[in-house]
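Everything below concerns the one structure shown next.
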Amino acid sequence: MNHWLMKSEPDAFSIDDLRRRKQEPWDGVRNYQARNYMRAMRAGDKVFFYHSNCAEPGIAGIAEVAVEAYPDPSQFDPGSKYFDPASSRDAPRWSLVEVRFVRKLRRTIALKELQADPALAAMPLVRKGNRLSVMPVDAAEWAHVLSLE
DNA sequence: GCCAACGTTGGC
DNA sequence: GCCAACGTTGGC
């Protein structure tokens, strides 16, 4: 089983939103690397839910992959901000997974704290300029983050 | 709101 | 295939 991290802007969709909705299609990913990681996800994989672009960026909770990758319907919808005229139903360009709420962390583990921790220095998340919204987390990093909780 | 970093697009 | 222009991400 693999572990992952997915970013969301809490103003748009927070860990509390996921708790309320229980399960959610992770639509709107329009980056090939992030898409490829989603396609590699398997049902039951655990995911850190990261809050980005907000007052206190950090890891706020845990989700799990509920439904493996399938075509993101928003790419076909001209009314959606995620519409992609270059994609077609015959050859969909973008995928999504559905994630299910597992739990909130007892506290949000701040980006600042993650950046300062030598055990996490290899995480793409803490590297300057990284903009990936979906990324793998190795098992040791996963366990270490949870030990900080 | 600023801006550095980065991915994508498109002219050539 | 190069690379400048542009748009987006996301910390601060």
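The chains referred to below are lettered A, B, ... by the order of the sequence lines, with proteins before strands, and numbering in each begins at 1.
- The two residues A:Trp142 and A:Val137 have their closest heavy-atom pair at N-CG1, 3.7 Å.
- A:Gln75 and A:Ser87 share a donor-acceptor pair across their side chains, judged by distance under 3.5 Å alone.
- Following rounding to the nearest Å, A:Arg35 (CZ) and B:dG7 (P) show an atom-to-atom distance of 15 Å.
- To the nearest angstrom, C1' of C:dT9 lies 13 Å from NZ of A:Lys81.
- Ring orientation note: the planes of A:Phe13 and A:Phe49 are tilted relative to one another, at an angle of 30° to 60°.
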Could you write out each protein N or O paired with an N or O of nucleotides 10-12 of chain C at a distance under 3.5 Å?
residue : atom : partner  : partner atom : Å
C:dG10  : OP1  : A:Lys7   : NZ           : 2.9
C:dG10  : OP1  : A:Arg131 : O            : 3.0
C:dG11  : OP1  : A:Tyr50  : OH           : 2.7
C:dG11  : OP2  : A:Asn53  : N            : 2.8

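- Relative to the six-membered ring of A:Phe101, A:Arg21 misses at least one condition, a distance below 6.0 Å or an angle of at most 45° to the axis.
- No hydrogens or angles considered: a donor-acceptor pair under 3.5 Å links the side chains of A:Ser95 and A:Arg39.
- As a member of the Ile/Leu/Val/Met/Phe/Trp/Tyr network built from side-chain separations under 4.5 Å, A:Tyr70 groups with A:Val67, A:Leu96.
- Spacing between atom CG of A:Asn31 and atom C1' of C:dT8 amounts to 11 Å, rounded to whole angstrom units.
- The nearest whole Å value for the distance from the OH atom in A:Tyr82 to the C1' atom in C:dT9 is 13 Å.
- Each of A:Arg93 and A:Gly129 has a nearest nucleotide on DNA chain B; the 5'-most of these lies closest to A:Gly129.
- Note: CE (A:Met135) to P (C:dT9) measures 14 Å, nearest angstrom.
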